[in-house]
Amino acid sequence: MKFTRLLIIVAVAYVLTCAALFFFQRTLLFPGASNEVISYDAEAPWGQWVSIDTADGERLAALYEPPAQGKPVILLFHGNADRISGYFFLAGLAKEQGYGLLAPAFRGYPGSTGKPSEDGILEDGRSTWHWLRRQLPDAPIAIVGWSLGSGVAVNTAAEHDPAAVVLLSSYDSIASVATDKFPLLPVHWLIRDPLHSDQRIRKIRAPKLFLHGEFDPTISMARGKALFDLATEPKKFIELKGEGHDIWTHEALEKLFDFLNDSLRRTENDE
């Protein structure tokens, strides 16, 4: 009798845990999203604030630094707890090399309207690509995605034709990452935003760089390597020794710009 009661308690707890994961998963996946109203009227240290309308009626805040004449521009997709004001440093580094930068805030994140979902943030990627192409019809675009944003970067690159792609702390799918976190739960049945980069990466023909921290506790390096293994050539994987999830280090930035400079130089020579 006691054993039967214990089984019932365990079963109820399991079902409640599954229900909680299903209904609250977007709070876990998009912790940086909020209804907070942010004013981007203040002058940015580098670049300017712009507003981008999406095809489905949302409005995104974005940090924009135009490139020097004839130079490429970086289209950056941020992580799940980010604010785009945290990327002033990258806008400054890009400007030093003549690069431009466009860093949009996903829908639902401070400064942007709407609520985040897989379909929504993938549309954010498409809309920002088209906005950037209207501003700079001929400039090479390098797509960079960190963490959550790597999935948007992969999808955007698969649908368009970037000059290069850099993925930092990337994953094969959010479903796989969630399975790592909750191995006893039927995650693949419960996940609402699986973000299957593994189903899209093969479509990208541009040169690809993967950067991943050796001790990443959020997205294991195994997830990044699984995506790398699926990618077509040309590609390169760099393990950042001793680093965790937030890998915006001097070493990572140096490797990122070295890769972009080399890839874009090769593209120019091929043309």
Side-chain angles (χ1 to χ4, degrees), residues 44-48 62-79 82-104 125 128-129 132-133 135-136 138-150 152-154 156-157 160-170 201 204-214 216 219 221 224 227-228 231 233-271:
W46 288 279
Q48 56 190 283
L63 175 64
Y64 179 51
E65 173 67 49
Q69 183 67 32
K71 290 288 189 175
V73 59
I74 295 170
L75 175 55
L76 172 74
F77 297 115
H78 63 73
D82 270 352
R83 291 189 178 189
I84 54 173
S85 56
Y87 288 96
F88 288 143
F89 77 95
L90 189 58
L93 289 173
K95 187 172 184 178
E96 287 177 5
Q97 302 201 34
Y99 279 59
L101 174 74
L102 178 65
T128 50
W129 171 278
L132 196 52
R133 264 290 164 249
Q135 309 305 309
L136 305 165
D138 301 318
I141 298 177
I143 296 179
V144 177
W146 176 58
S147 191
L148 172 69
S150 70
V152 182
V154 168
T156 306
H160 301 287
D161 187 26
V165 177
V166 180
L167 304 174
L168 302 93
S169 306
S170 60
I201 191 70
I204 303 174
R205 300 305 172 191
K208 293 164 286 293
L209 172 65
F210 296 73
L211 295 170
H212 216 110
E214 179 185 13
D216 190 334
I219 301 173
M221 192 163 58
L227 185 64
F228 172 79
E233 296 287 353
K235 60 182 180 178
K236 184 176 184 180
F237 190 98
I238 297 179
E239 174 184 334
L240 297 175
K241 298 291 185 181
E243 297 298 337
H245 186 63
D246 188 349
I247 55 173
W248 291 107
T249 62
H250 175 76
E251 178 186 8
L253 289 166
E254 185 176 56
K255 293 183 182 303
L256 183 152
F257 279 105
D258 284 348
F259 172 80
L260 291 182
N261 289 332
D262 183 62
S263 298
L264 294 167
R265 190 181 307 114
R266 289 173 183 268
T267 300
E268 290 175 356
N269 290 339
D270 289 343
E271 292 176 352

Given side chains that start at C-beta, do those of [X] and [Y] come closer than 4.5 Å, heavy atoms only?
X	Y	value
L136	P67	yes
V144	L90	no
Y87	E65	no
I201	F228	no
F259	P207	yes
L211	W248	no

Closest heavy-atom pair and its distance - K71, P140: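 So the two residues come closest at O-CD, 4.2 Å.
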Atom [atom1] of [X] and atom [atom2] of [Y]: how far apart are they, to the nearest 0.5 Å?
X	Y	atom1	atom2	result
L63	I84	CG	CD1	6.0 Å
L93	E254	CG	CD	11.5 Å
I141	L102	CD1	CG	9.0 Å
I143	L76	CD1	CG	11.0 Å
L148	S170	CG	OG	12.0 Å
L75	H160	CG	NE2	9.5 Å

Cut-off 3.5 Å, no hydrogens considered: what does the side-chain donor-acceptor table look like for residues 161-169, sequence neighbours left out?
{"from": "S169", "atom 1": "OG", "to": "W146", "atom 2": "NE1", "distance (Å)": "3.3"}
{"from": "S169", "atom 1": "OG", "to": "H245", "atom 2": "O", "distance (Å)": "3.0"}

Six-ring centre of F210, K235 cation under 6.0 angstrom, axis tolerance 45°: no
Take atom CD in E233; do more than 12 heavy atoms of anything else shown fall under 6.0 Å from it?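 Yes, enclosed.
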Using ring-ring contact (aromatic ring centres under 6.0 Å, His included) as the criterion, list what pairs up with F257, not counting sequence neighbours. Y99
How would you list, by chain and number, every residue that makes a ring-ring contact (aromatic ring centres under 6.0 Å, His included) with H212, sequence neighbours excluded?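 Once residues adjacent in sequence are excluded, H212 has no partner under the ring-ring contact (aromatic ring centres under 6.0 Å, His included) criterion.
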Side-chain donor/acceptor of K236 to backbone N/O of P234, under 3.5 Å: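 No, the answer is negative, given that no donor and acceptor are paired below the 3.5 Å cut-off.
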Do V73 and Q135 pass the side-chain contact (heavy atoms from CB on, under 4.5 Å) test, and can you show the C-alpha distance, the side-chain angles, and the key distance before you say yes or no? CA-CA 11 Å; V73 59; Q135 309 305 309; over 6 Å; no
